[in-house]
Protein chains: 2
Amino acid sequence: MKLTEKTIVAALRRNGYKATPQRRAVIRAIANSIDHLTPADIYDRIHLDHPGIGLVTVYRTLEVLATLNLVCELHTGTNCPSYTLSIPQHHHHLVCSDCGKVVDFTGHNLTELEERLARESGFRINNHILEFTGCCRTCQEMPGTASAAR
Amino acid sequence: MKLTEKTIVAALRRNGYKATPQRRAVIRAIANSIDHLTPADIYDRIHLDHPGIGLVTVYRTLEVLATLNLVCELHTGTNCPSYTLSIPQHHHHLVCSDCGKVVDFTGHNLTELEERLARESGFRINNHILEFTGCCRTCQEMPGTASAAR
DNA sequence: ACTGTAATTGATAATCATTTTCATTTAGTG
DNA sequence: CACTAAATGAAAATGATTATCAATTACAGT
């Protein structure tokens with residue numbers, strides 16, 4: 001399924017959340033960006049068109065979207081997470097710890113593992129994180145950086 | 001390989017880091033705990049025996065240990081990461097988002113995927129995170145919580 | 001064992017991210 | 001159109017992490 005603003009708004013309503021203009025703006029900001037955005041990134045982009053929307057609202061909206069698994073959260077080495085919509089399909093991440101570049105990848109299915117774990121542990125599993133960290137080609141060729149020194 | 005204080009100290013030296021009493025204390029605190037510890041947790045435990053060691057030093061030590069892949073970092077839903085030694089072998093995590101309980105699991109090998117990704121992306125990959133989040137059996141049976149309400 | 005030096009530390013303050021509080025506003029039901 | 005619970009904005013509080021810098025210390029080399 002493709003997650004458009006419309007789909008997401010429907011998902012909010014279905015779960016008893018209101019579709020406010022503020023939430024729509026946050027959703028649109030994420031949907032229109034190729035990159036993963038931090039809360040502050042989203043705030044900055046929204047703020048141009050909607051000076052009234054505060055950073056707090058961005059945080060609150062992201063919390064709701066994350067609860068409904070509508071956004072995918074990226075835990076880079078940096079000190080705050082960033083977000084994209086869970087589109088066009090479930091994907092995982094490869095992050096350069098030098099420059100922060102993020103490459104999405106698909107094709108690794110964790111369903112079977114998830115089922116095994118649920119069976120063995122008794123957990124009801126509802127999400128997962130799979131991220132590889134390393135050094136991208138560009139940074140490898142750049143001398144003098146922390147990771148090139150290894 | 002089993003990571004004892006001795007092994008870790010050797011790894012530090014081998015990489016040009018000094019084995020200070022402060023660092024040893026941090027290592028021992030992590031090694032002696034079954035649980036994953038946050039920087040503040042570690043600080044608290046150390047502080048009893050070594051009142052002189054500051055939280056800042058804990059952060060700095062963890063940074064070094066993480067760089068050398070001697071500790072494994074856990075990104076729970078909470079607002080700060082926690083750490084264990086990378087022993088007895090590489091493992092992954094299953095986290096209850098209600099009570100924070102962490103279950104380690106092994107037996108899922110990502111080497112093949114890692115190699116494929118390295119080949120396709122040009123990254124030199126040096127680490128990864130694999131975490132499942134959900135609701136543990138105890139919390140599922142507890143009525144009135146956020147996740148039981150679903 | 002002694003010395004020199006670069007690495008490390010501790011204290012403090014600064015910064016950055018996130019959460020709380022609460023009075024006001026508003027989406028969406030009926 | 002009115003009502004009500006949910007959502008918002010502003011400001012302050014909290015919590016985590018990082019920067020700065022002078023003082024200390026591990027350890028390599030004598």
Side-chain angles (χ1 to χ4, degrees), chain A residues 5-6 8-27 29 36-44 46-47 49-68 71 73-83 97 100 146 149, chain B residues 5-6 8-27 29 36-44 46-47 49-68 71 73-83 97 100 146 149:
Chain A
E5 182 185 342
K6 203 170 160 187
I8 295 178
V9 165
L12 285 177
R13 292 234 176 82
R14 195 176 336 116
N15 288 276
Y17 294 100
K18 295 180 180 174
T20 64
Q22 292 89 339
R23 283 176 177 164
R24 284 163 184 273
V26 170
I27 293 164
H36 293 67
L37 302 178
T38 64
D41 288 338
I42 296 169
Y43 173 77
D44 289 344
I46 292 179
H47 201 257
D49 287 338
H50 310 265
I53 302 181
L55 182 55
V56 187
T57 298
V58 175
Y59 273 96
R60 285 189 283 224
T61 302
L62 288 172
E63 192 187 345
V64 171
L65 296 175
T67 302
L68 301 178
V71 285
E73 197 167 325
L74 176 64
H75 300 250
T76 68
T78 70
N79 45 4
C80 80
S82 53
Y83 300 83
S97 46
Chain B
E5 182 185 343
K6 204 172 160 186
I8 295 179
V9 165
L12 285 177
R13 292 235 175 82
R14 196 177 334 115
N15 288 275
Y17 294 100
K18 294 179 180 173
T20 65
Q22 292 89 340
R23 284 176 178 163
R24 284 164 184 272
V26 171
I27 293 165
H36 292 67
L37 302 178
T38 64
D41 287 339
I42 296 169
Y43 172 77
D44 289 343
I46 293 180
H47 202 257
D49 288 337
H50 310 265
I53 302 180
L55 180 55
V56 185
T57 298
V58 175
Y59 273 96
R60 285 190 283 225
T61 302
L62 288 172
E63 192 188 345
V64 171
L65 295 176
T67 303
L68 301 177
V71 285
E73 198 168 324
L74 176 62
H75 300 249
T76 67
T78 70
N79 45 5
C80 81
S82 54
Y83 300 83
S97 47

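The structure presented is a predicted model; accordingly, all values stated were derived computationally and were not measured. Here is how names work: the chains are called A, B, and so on, in the same order as the sequence lines, proteins then strands, and each is numbered from 1.
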J.: Between B:Leu55 (CG) and C:dA11 (C1'), how many Å, whole number?
T.: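 About 12 Å, once rounded to whole Å.
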J.: Want to settle it: does A:Gly16 or B:Val56 sit nearer the 5' end of DNA chain D, counting the closest nucleotide to each?
T.: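 Residue closer to the 5' terminus by nearest nucleotide: A:Gly16.
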J.: Identify whether any heavy atom of B:Pro81 sits under 4.0 Å from a base atom; if not, whether one sits that close to sugar-phosphate; answer base, sugar-phosphate or nothing.
T.: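 Result for B:Pro81 = sugar-phosphate.
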J.: Is the shortest side-chain N/O distance from B:Arg13 to OP1 or OP2 of D:dA28 below 4.0 Å?
T.: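 Result: no.
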J.: State, to 0.1 Å, how close A:Ala29 and A:Ile46 come at their nearest heavy-atom pair, and which atoms those are.
T.: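 What the structure gives for the nearest pair is CB-CG1, 4.1 Å.
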J.: Roughly how many Å is it from CZ in A:Arg23 to P in D:dG9, rounded to a whole number?
T.: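 After rounding, the gap between these two atoms is 11 Å.
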J.: Between C:dG10 and B:Gln22, is there an OP1 or OP2 to side-chain N/O distance shorter than 4.0 Å?
T.: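 Indeed, a polar side-chain atom of B:Gln22 lies that close.
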J.: Respond yes when some side-chain nitrogen or oxygen of A:Thr38 is under 4.0 Å from OP1 or OP2 of C:dA17, and no when none is.
T.: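 A:Thr38 to C:dA17 OP1/OP2: no side-chain N or O under 4.0 Å.
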J.: If you look at every strand shown and take non-hydrogen atoms under 4.0 Å, does A:Pro21 touch a base, only sugar-phosphate, or nothing?
T.: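 A:Pro21: backbone/sugar contact only, no base atoms under 4.0 Å.
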J.: Which value, rounded to the nearest 0.5 Å, describes the distance between B:Ile27 atom CD1 and B:Gln22 atom CD?
T.: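 Output value for this atom pair is 11.5 Å.
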J.: Nearest 0.5 angstrom please: B:Thr57 OG1 to B:Ile42 CD1, how far?
T.: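 Between B:Thr57 OG1 and B:Ile42 CD1, I get 12.5 Å after rounding to 0.5 Å.
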J.: Of the nucleotides D:dT17, D:dA5, C:dT9, which one has an atom closest to the side chain of A:Lys18?
T.: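 Ranking D:dT17, D:dA5, C:dT9 by closest atom to the A:Lys18 side chain puts D:dA5 first.
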J.: Can you tell me how far P of D:dA7 sits from CZ of A:Arg24, to the nearest Å?
T.: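 One finds 14 Å between P of D:dA7 and CZ of A:Arg24, rounded.
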J.: At less than 4.0 Å, is any side-chain N or O atom of B:Arg60 found next to OP1 or OP2 of C:dT8? Yes or no.
T.: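 No.
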J.: Looking only at non-hydrogen atoms, find the nearest pair between A:His36 and A:Ser82 and report the distance.
T.: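 The answer is CB-OG, 3.5 Å.
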J.: Nearest 0.5 Å, please: how far is CG in A:Leu62 from CD in A:Glu73?
T.: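 Those atoms lie 8.5 Å apart.
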J.: First locate atom CD1 of A:Ile8, then atom CZ of A:Arg13, and finally report the distance between them rounded to the nearest 0.5 Å.
T.: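 It is 13.0 Å, given to the nearest 0.5 Å.
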J.: Determine the minimum heavy-atom distance between A:Pro39 and A:Val58, stating which atoms define it.
T.: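 Looking at all heavy atoms of both residues, the shortest contact is O-CG1, 3.7 Å.
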J.: Quick one: label A:Ala19 by what it contacts on the DNA or RNA (base, sugar-phosphate, nothing), any heavy atom closer than 4.0 Å.
T.: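 Here A:Ala19 touches the backbone only, sparing every base.
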J.: Rounding to an integer number of Å, can you tell me how far A:Glu63 CD sits from C:dT18 P?
T.: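 Taking CD of A:Glu63 and P of C:dT18, I get 12 Å after rounding.
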J.: Quickly work out the A:Asp41 CG to C:dC16 P distance and round it to whole Å.
T.: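 Rounded to whole Å, this separation is 14 Å.
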J.: Starting at CG of A:Leu12 and ending at C1' of C:dG28, how long is that distance when rounded to a whole Å?
T.: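 It is 14 Å, rounded to the nearest whole Å.
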J.: Under 4.0 Å between a side-chain N/O of B:Thr20 and OP1 or OP2 of C:dT8, yes or no?
T.: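 No, outside the criterion.
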J.: Between the axis at one end of the helix from C:dA1-D:dT30 to C:dG30-D:dC1 and the axis at the other (five pairs apiece), what's the angle to 10 degrees?
T.: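 Roughly 50° between the end axes, to the nearest 10°.
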J.: Could you check how far OH of A:Tyr17 sits from C1' of C:dT29, rounded to whole Å?
T.: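 Nearest whole value for this atom pair: 19 Å.
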J.: Identify the heavy atoms of B:Arg23 and B:Thr61 that sit nearest to each other, and give their distance.
T.: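 Distance-wise, the nearest heavy atoms are CG-OG1, 3.5 Å.
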J.: Taking CG from A:Asn15 and C1' from D:dA6, how many angstroms apart are they, rounded to a whole number?
T.: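 Answer to the nearest Å: 15 Å.
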